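The model shown is predicted, which means the values in this text are computed figures rather than measured ones.
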Amino acid sequence: MATKLAALIVLAAFLAGPAASEGASICFNGWLRLPTYDPVLCRPAPDVQTRQRRPAPSGSGLTSGYYNTRCPSAEKIVTDAVKKAVDANPGIGAGLIRLFFHDCFVRGCDGSVLLNTTNSKNSDTEREGPPNQNSLRGFEVIDEAKAAIEATCPDTVSCADIVAYAARDASYFLSDRKINIQMPGGRYDGRESFSNETDQLPGPFSNLTALQGSFAAKGLTSDDMVTLSGAHTIGRARCSFFSTRFSEMEPTLAAKLRAQCSNDNNNVNQDDVTPDVLDKQYYQNVVDKKVLFTSDAVLNSTETITQVTENANMAGAWERKFEKAMETMGKIGVKTIGNQQGAEIRKVCWRVNN
């Protein structure tokens, strides 16, 4: 299954190019665009078929300053590792924010996205799922911070918390210190990870209903969805995810992207205006038809355009919403009582303990 998914995510755009796009099937919760319907890959993701929202994540057991007495240097170690990485390559900061999102939406914020060795001994982990394979970044930052923390406070700080803190710090540095997320700690690390469960992540081909359903399944609102989509103001995107949309984009940008996308596996900046800054430019791009993905363009709809316009025009409004939405997302499905939930504090972030 993992091999089939990995191959399709690379070939999807070629198979459903402009000539075949009219009859294309959007599958794997918006991650695959296929020329024909595949009953395995195109089945609806669990809990994403409806926009009925689950209760908001409570984050019970999480607290601010969780490591103040347990490991006082933990958060600073993470911050220093993130700053070094972002100073060298802002794209790694974008990758750390995405890593947090992709962790929390699958099995909750439990570090399962980091695993390639699991309790079940399977090799088809979340890292091999269509949304993640050969696209997630920032693992080396997590590993560096974890190694330094283990040398100071062994068996104390979870990889799940390191991922959360790293996303917090990346947001801070990429926003020129304008975004300050109050990220609590106390998560434990999960012991399982499966590639097929990554269909819970909303994809670039998702329509508005699918987006709202994906977020509702995690207890998040449509407003949370619009707010967190603003992270697409940084990072890069593979051409295969939007190369059928050029005719729908602002003409000058479309012409530039056509030239950059001579190969569907090429990557381009998601925000052509301020590509390395986490800011509200994304929302002006939505209004101006200068966004890449279908999942971005659909925010210019009657249901969501008011929030998009407010975020684009009101200084500081989006930053405050983003802080809160990231904190809320960090509470999804957390494990806070260790082995009673099949969880642990991993010694190494990419493998479970013995």
Rounded to the nearest 0.5 Å, the CH2 atom of W350 sits from the OG1 atom of T117 at a distance of 5.5 Å
Modelled atom types, side-chain donor and acceptor of D271 and N285, under 3.5 Å
yes
Among D87, D80, T79, which residue meets the side-chain hydrogen bond (donor to acceptor under 3.5 Å, both in side chains) test with K83?
D87
If we only count heavy atoms from C-beta on, is the Y165 to R168 side-chain gap below 4.5 Å?
yes
Does one hydrophobic cluster hold both V298 and V226, with members joined at side-chain heavy-atom distances below 4.5 Å?
yes
Pairing of D155 and K347 as salt bridge, 4.0 angstrom limit:
yes
Donor + acceptor pair across side chains of D223, T221 (<3.5 Å):
no
Hydrogens and angles aside, do N269 and R236 bring a side-chain donor and acceptor to less than 3.5 Å of each other?
yes
If only side-chain N and O atoms count, and only distance matters, is there a donor-acceptor pair under 3.5 Å linking N119 with R191?
yes
With a 3.5 Å distance limit and no angle check, can you tell me whether E344 reaches the backbone of R346 through a side-chain donor-acceptor pair?
no
Interatomic spacing from CG in D224 to CE in M326 - rounded to 0.5 Å:
12.0 Å
Salt bridge check: are E327 and K324 linked by an N-O gap of less than 4.0 Å?
no
Roughly how far apart are L278 CG and D276 CG, rounded to 0.5 Å?
11.0 Å
Between E128 and T198, a side-chain donor and acceptor under 3.5 Å
no
Quick one: do V82 and I179 end up in the same hydrophobic cluster if we chain Ile, Leu, Val, Met, Phe, Trp and Tyr together by side-chain heavy atoms under 4.5 Å apart?
yes
Which class fits the ring pair F241 and F293: parallel under 30°, tilted 30 to 60°, perpendicular over 60°?
perpendicular
Donor-acceptor side-chain pairing of N311 and Y282 below 3.5 angstrom:
no
If hydrophobic clusters are built by linking Ile, Leu, Val, Met, Phe, Trp and Tyr wherever their side-chain heavy atoms come under 4.5 Å apart, do I234 and F101 end up in the same one?
yes
Do you know which two heavy atoms are closest between I77 and A148, and how far apart they sit?
CG2-CB, 3.7 Å
To the nearest 0.5 Å, what is the distance between OG1 on T309 and CG on L299?
11.0 Å
What is the minimum heavy-atom distance between F194 and S120, and which atoms define it?
CZ-OG, 4.0 Å
Flag for S112-E126: side-chain donor and acceptor within less than 3.5 Å
yes
